[in-house]
> 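Below you'll find the structure I mean.
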Amino acid sequence: MDDSSPLGRELAREAKRREKLAGKALPRPKSTRIMTVSNQKGGVGKTTTTVNIAAALAGAGLQVLVIDIDPQGNASTALNIDHHAEIASIYDVLIDDVPLSEVVAPCPDVANLICAPATIHLAGAEIELVSLVAREQRLRRAIEAYARTRETRGEPRLDFVLIDCPPSLGLLTVNAFVAAKEVLIPIQSEYYALEGLSQLLKNIEMIQKHLNAELIVSTILLTMYDGRTNLAAQVAAEVREHFPDQVLKAVIPRSVRISEAPSYQQTVMTYDPSSSGALSYQEAAVEITSRS
């Protein structure tokens with residue numbers, strides 16, 4: 001197609017991006033990177049970002065674990081993992097000390113990707129955690145024990161653990177912050193993008209001070225980006241001005257393919273790997289690994 005037209009230019013740009021990514025091997029981090037994907041604002045693409053970054057990393061040959069601690073279980077759905085009430089889940093790990101190794105299940109569509117699913121029981125876990133010993137440390141200890149189990153079994157070390165959080169700061173999210181060393185914050189490219197972010201950063205500071213001094217906000221990803229609007233560009237510029245070192249160059253476009261994929265129990269990486277959404281998540285994954 002002639003690249004003198006807007007569509008032609010867009011297709012030519014995508015072809016170049018695809019060419020740049022083709023066959024690109026991603027470096028393994030020196031140690032397991034544990035990232036919590038969090039934003040107190042709902043509907044910003046937390047779960048979508050978690051599963052698609054995970055699929056992009058695993059598709060490049062890295063060993064990836066997704067931990068779904070959102071009672072809605074949307075990450076489990078997107079990865080095609082059973083998560084009905086009778087299934088052993090992350091709830092059993094947090095409340096009953098069931099080993100993580102007995103809960104994780106492989107994603108049928110993506111090699112090297114496993115998931116600890118969420119079930120509806122998690123909805124009551126906030127209340128049940130209150131009375132438990134070391135309630136904020138339970139997820140961290142479960143991940144550490146699972147790493148030792150993998151080593152004993154001769155299984156490869158995990159390269160990434162991505163934890164999908166509910167949109168609130170209850171004990172489930174606190175467990176995720178205590179278990180992780182990094183926070184990945186998806187920010188919607190719309191008017192209220194920065195609303196609530198200051199509160200999230202205050203909460204992270206509180207966790208750093210009292211529970212996990214190693215925790216940092218390492219990555220901010222702009223999602224639902226519509227390049228046709230001035231507003232999206234203004235929001236992106238504002239976020240980059242406030243967080244120049246954390247914001248990825250890659251932005252995730254508003255995409256029908258990204259939205260459709262979960263209804264087929266897939267990530268966009270397997271549902272339509274040639275789409276602009278899949279391409280953008282691949283670019284984000286490349287940037288994340290380059291920062292290790």
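Since the model is a prediction, treat every value here as computed from it, not as a measurement. Start at 1 with the first residue, then count along the sequence.
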> Please check this pair: side chain of Asn52 against backbone of Val268, looking for a donor-acceptor N/O pair closer than 3.5 Å.
yes
> Minimum heavy-atom separation for Arg28 and Arg157, please, with both atom names.
NH2-O, 3.3 Å
> Any side-chain heavy atom of Tyr281 sitting closer than 4.5 Å to one from Thr48?
yes
> Determine, stepwise, if the pair Ser280 / Tyr225 fulfils side-chain contact (heavy atoms from CB on, under 4.5 Å).
CA-CA 11 Å; Ser280 297; Tyr225 187 86; over 6 Å; no
> Looking only at heavy atoms, which two atoms of His83 and Pro117 are closest? And how far apart?
CB-CB, 3.9 Å
> Asp96 side chain to Asp92 main-chain N or O, any donor-acceptor pair under 3.5 Å?
no
> Going by the side-chain contact (heavy atoms from CB on, under 4.5 Å) test, name the single residue among Leu221, Thr49, Thr219, Leu200 that passes it with Ile185.
Leu200
> For the residue pair Thr47 and Ala75, what are the closest heavy atoms and their distance?
CG2-N, 3.4 Å
> Between Val64 and Ala58, what is the shortest heavy-atom contact and its length?
CG2-N, 3.7 Å
> Are any of the side-chain heavy atoms of Phe243 and Val217 separated by less than 4.5 Å?
no
> Between Ile87 and Val51, is there shared hydrophobic-cluster membership here, with clusters defined by ILVMFWY side-chain heavy atoms closer than 4.5 Å?
no
> Report the distance from atom CG of Leu122 to atom CD of Glu128, rounding to the nearest 0.5 Å.
9.5 Å
> Tell me whether Ile95 shares a hydrophobic cluster with Leu100, the cluster being built from Ile, Leu, Val, Met, Phe, Trp, Tyr side chains joined at under 4.5 Å.
yes
> Quick check against the 3.5 Å criterion: does Asp70 have a side-chain atom that pairs as donor or acceptor with the backbone of Asp164?
no
> Determine whether Leu184 and Ile288 make a side-chain contact, defined as any pair of heavy atoms from C-beta on separated by less than 4.5 Å.
yes
> Using the rule given for side-chain contact (heavy atoms from CB on, under 4.5 Å), can you reason through Ile53 versus Met35, listing the C-alpha separation, both sets of side-chain angles and the distance that settles it, and then say yes or no?
CA-CA 11 Å; Ile53 293 287; Met35 305 181 81; over 6 Å; no
> Do Asn175 and Ile69 have side-chain heavy atoms sitting under 4.5 Å apart?
no
> Would you check if the side chain of Thr223 reaches a backbone N or O of Val44 as a donor-acceptor pair within less than 3.5 Å?
yes
> If hydrophobic clusters are built from ILVMFWY residues whose side chains come within less than 4.5 Å, do Ile207 and Leu201 share one?
yes
> Would you please name every residue forming a ring-ring contact (aromatic ring centres under 6.0 Å, His included) with Tyr91, sequence neighbours left out?
His121
> Within a 6.0 Å radius of atom CD on Gln72, are there more than 12 heavy atoms belonging to other residues, nucleotides or ligands?
no
> Walk me through it: do Leu248 and Arg291 pass the test side-chain contact (heavy atoms from CB on, under 4.5 Å)?
CA-CA 10 Å; Leu248 297 181; Arg291 294 177 170 205; 3.6 Å; yes
> Can you give me the closest heavy-atom contact between Glu182 and Ser218, atom names plus distance?
OE1-OG, 2.7 Å
> Taking Gln266 for its side chain and Ala261 for its backbone only, find out whether a donor-acceptor pair lies under 3.5 Å.
no
> Within the side chain of Thr36, is there an N or O that forms a donor-acceptor pair under 3.5 Å with the backbone of Ile163?
no
> Starting at CD of Gln137, measure out to CG of Leu132 and round the result to the nearest 0.5 Å.
13.0 Å
> Do the side chains of Ile81 and Val103 join up, straight or via other hydrophobic residues, at under 4.5 Å, putting them in one cluster?
no
> Are Arg240 and Leu222 side-chain neighbours, meaning at least one heavy-atom pair lies under 4.5 Å?
yes
> Roughly how far, to the nearest 0.5 Å, is the CG atom of Leu62 from the CG atom of Asp159?
4.5 Å
> Working to the nearest 0.5 angstrom, can you tell me the gap between Ser76 OG and His84 NE2?
11.5 Å
> Can Ile90 and Asp68 be said to form a side-chain contact (heavy atoms from CB on, under 4.5 Å), step by step?
CA-CA 7 Å; Ile90 198 68; Asp68 187 358; 5.8 Å; no
> For a 4.5 angstrom cut-off between non-hydrogen side-chain atoms, does Asn203 reach Gln40?
yes
> If only atom types and distance count, is the side chain of Arg150 paired as donor or acceptor with the main-chain N or O of Pro156 below 3.5 Å?
yes
> Given side chains that start at C-beta, do those of Tyr271 and Asp109 come closer than 4.5 Å, heavy atoms only?
no
> Is a donor on one side and an acceptor on the other found under 3.5 Å between the side chain of Thr267 and the backbone of Met269?
yes
> Using 0.5 Å steps for rounding, measure from the CZ atom of Arg148 to the OG atom of Ser101.
11.5 Å
> Among the clusters formed by ILVMFWY side chains lying less than 4.5 Å apart, do Leu279 and Val286 turn up in the same one?
yes
> Test Ile67 against every option in Leu162, Leu139, Ile114 by the side-chain contact (heavy atoms from CB on, under 4.5 Å) rule and name the one that passes.
Leu139
> Quick check: closest heavy atoms across Glu126 and Val130, and the distance to 0.1 Å?
O-CG2, 3.4 Å
> Could you state the interatomic distance from CD1 (Ile143) to CZ (Arg138), rounded to the nearest 0.5 Å?
13.5 Å
> Apply the side-chain contact (heavy atoms from CB on, under 4.5 Å) test between Ile220 and each candidate in Val183, Ile187, Asn39; give the one that qualifies.
Ile187
> Output every pair passing salt bridge (charged side-chain N to carboxylate O under 4.0 Å, His left out) with a member in residues 247-272, not counting sequence neighbours, ordered by first then second residue.
Glu190-Arg254, Arg257-Glu260, Arg257-Asp272
> Quick check: does any side chain N or O of Gln208 sit under 3.5 Å from a backbone N or O of Leu215, one acting as donor and the other as acceptor?
yes
> Quick one: are Gln234 and Asn230 in side-chain contact, heavy atoms under 4.5 Å?
yes
> Atom CD of residue position Glu151 - does it have more than 12 heavy atoms of other residues, nucleotides or ligands inside 6.0 Å?
no
> Tell me if a side-chain donor or acceptor on Thr173 pairs with a main-chain N or O of Cys165 at a distance below 3.5 Å.
no
